[in-house]
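Position 1 is the first residue of the sequence; numbering continues from there. Worth knowing before you read on, the calculation uses all heavy atoms, side chains too, and leaves out hydrogens, waters and symmetry mates.
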Amino acid sequence: MEAGGVADSLLSGACVLFTLIMYSTGLSDLRHMRMTRSVDSVQFLPFLTTDVNNLSWLSYGALKGDGTLIFVNATGAVLQTLYISVYLHYCPRKAKVIQTKSTQRLSFSLTIATLLTSASWTLYGFQLRDPYIMVPNLPGILTSFIRLWLFWKYSQGQDRNYPLLQT
């Protein structure tokens, strides 16, 4: 195998690994919802947007015939649909959102996983010279840095009133 082939395989493997790790961060939310029978500290929007994103990328991967894109996004679509289903099962009819200067509702592990995943897919797209893979992942890098800034600005120490909700 030539050097370019090895590098391509390693980068493809990193994309798959980081993406599957990112998708698995929802398992802690799933466990929390099942244990508490509520969605108190769980955000719905990331599940929904990731599911839509997975279905879009799955379609693109199928059109392109890219096994990496197909595998990762089919797995992601199944997991995100599961998370959405459980969320809707435990969601109260009237939800109340209280704005606090707190990072308790942000998942640090999801933020790190999103940063690594978006960065690896951007590099994968760059290496393939495919802007359809590269460009859509740039916002993931940007939003991850914004979330990391929020974790820095509103440290976990300010969340002492919610010890049971922290993961």
Across all chains, not counting sequence neighbours, the side chain to side chain donor-acceptor pair (under 3.5 Å) partners of S144 are none
In terms of relative ring orientation, are Y60 and W57 parallel, tilted or perpendicular, with 30° and 60° separating the classes? perpendicular
Tell me, which pairs form a salt bridge (Lys or Arg N to Asp or Glu O under 4.0 Å) where one or both residues lie in residues 111-121, sequence neighbours left out? none
In Å and rounded to the nearest 0.5 Å, what is the OG to CG distance from S59 to L69? 11.0 Å
Parallel under 30°, tilted from 30 to 60°, perpendicular over 60°: which one fits the rings of F44 and Y87? tilted
Side chains of L55 and N73 in contact at under 4.5 Å (non-hydrogen atoms): no
Run the side chain to side chain contact (heavy atoms under 4.5 Å, CB included) check on M22 and L116 step by step: do they pass? CA-CA 9 Å; M22 180 181 73; L116 292 173; over 6 Å; no
Where do F47 and M33 come nearest, in terms of heavy atoms and distance? CE1-CE, 4.3 Å
For side chain to side chain contact (heavy atoms under 4.5 Å, CB included), just list the numbers for T111 and L115, CA-CA rounded to whole Å, side-chain angles, deciding distance to a tenth of an Å, and then say yes or no. CA-CA 6 Å; T111 301; L115 177 61; 5.8 Å; no
Hey, what do you get for OG1 (T49) to CG (N54), rounding to the nearest 0.5 Å? 9.5 Å
Once you round to the nearest 0.5 Å, how far does CG of L79 lie from OG of S24? 8.0 Å
Where is the tightest heavy-atom contact between I112 and L148, given as atom of each residue plus distance? CD1-CD2, 3.8 Å
With sequence neighbours excluded, give me every salt bridge (Lys or Arg N to Asp or Glu O under 4.0 Å) pair touching residues 127-137. K64-D130
State, yes or no, whether a side-chain contact exists between F18 and S118 at a heavy-atom distance under 4.5 Å. no
Filter on salt bridge (Lys or Arg N to Asp or Glu O under 4.0 Å), then keep only pairs touching residues 79-89, sequence neighbours left out; what's left? none
If two hydrophobic side chains count as joined below 4.5 Å and joins carry through other members, does L123 share a cluster with L20? yes
In the single-linkage hydrophobic clustering (I, L, V, M, F, W, Y; side-chain heavy atoms under 4.5 Å), do I141 and I21 co-cluster? no
Side-chain cluster (under 4.5 Å, hydrophobic types only) that V78 belongs to, other residues: none
Decide yes or no for R31 and M35: does some side-chain heavy atom of the first lie under 4.5 Å from some side-chain heavy atom of the second? yes
Cluster companions of F126 among Ile, Leu, Val, Met, Phe, Trp, Tyr (side-chain spacing under 4.5 Å): M134
Could you pull out all residues at least two apart from Y132 that satisfy side chain to side chain donor-acceptor pair (under 3.5 Å)? none
side-chain hydrogen bond (donor to acceptor under 3.5 Å, both in side chains) assessment of S109 paired with T25: CA-CA 7 Å; S109 58; T25 61; 5.1 Å; no
Hey, could you give me each pair passing salt bridge (Lys or Arg N to Asp or Glu O under 4.0 Å) that has a residue in residues 10-23? Not counting sequence neighbours. none
For Y124, the ring-ring contact (aromatic ring centres under 6.0 Å, His included) test, sequence neighbours excluded, returns W121
Atom pair CG (L10) and CG (L17), whose distance is rounded to the nearest 0.5 Å: 11.5 Å
Pairwise distance OG1(T19) to CG(N137) - rounded to 0.5 angstrom: 8.0 Å
Distance from L30 atom CG to L82 atom CG, nearest 0.5 Å? 5.5 Å
Could you tell me which residues satisfy ring-ring contact (aromatic ring centres under 6.0 Å, His included) with Y23, sequence neighbours excluded, listed by chain and number? none
With S38 via side chain to side chain contact (heavy atoms under 4.5 Å, CB included) - residues at least two apart: T36, D40
A14 versus S120, closest heavy-atom pair with distance: O-OG, 4.2 Å
Kindly indicate whether the side chain of R147, heavy atoms from C-beta on, has any atom under 4.5 Å from the side chain of F108. no
Decide yes or no for Y83 and L27: does some side-chain heavy atom of the first lie under 4.5 Å from some side-chain heavy atom of the second? yes
For F145, the ring-ring contact (aromatic ring centres under 6.0 Å, His included) test, sequence neighbours excluded, returns none
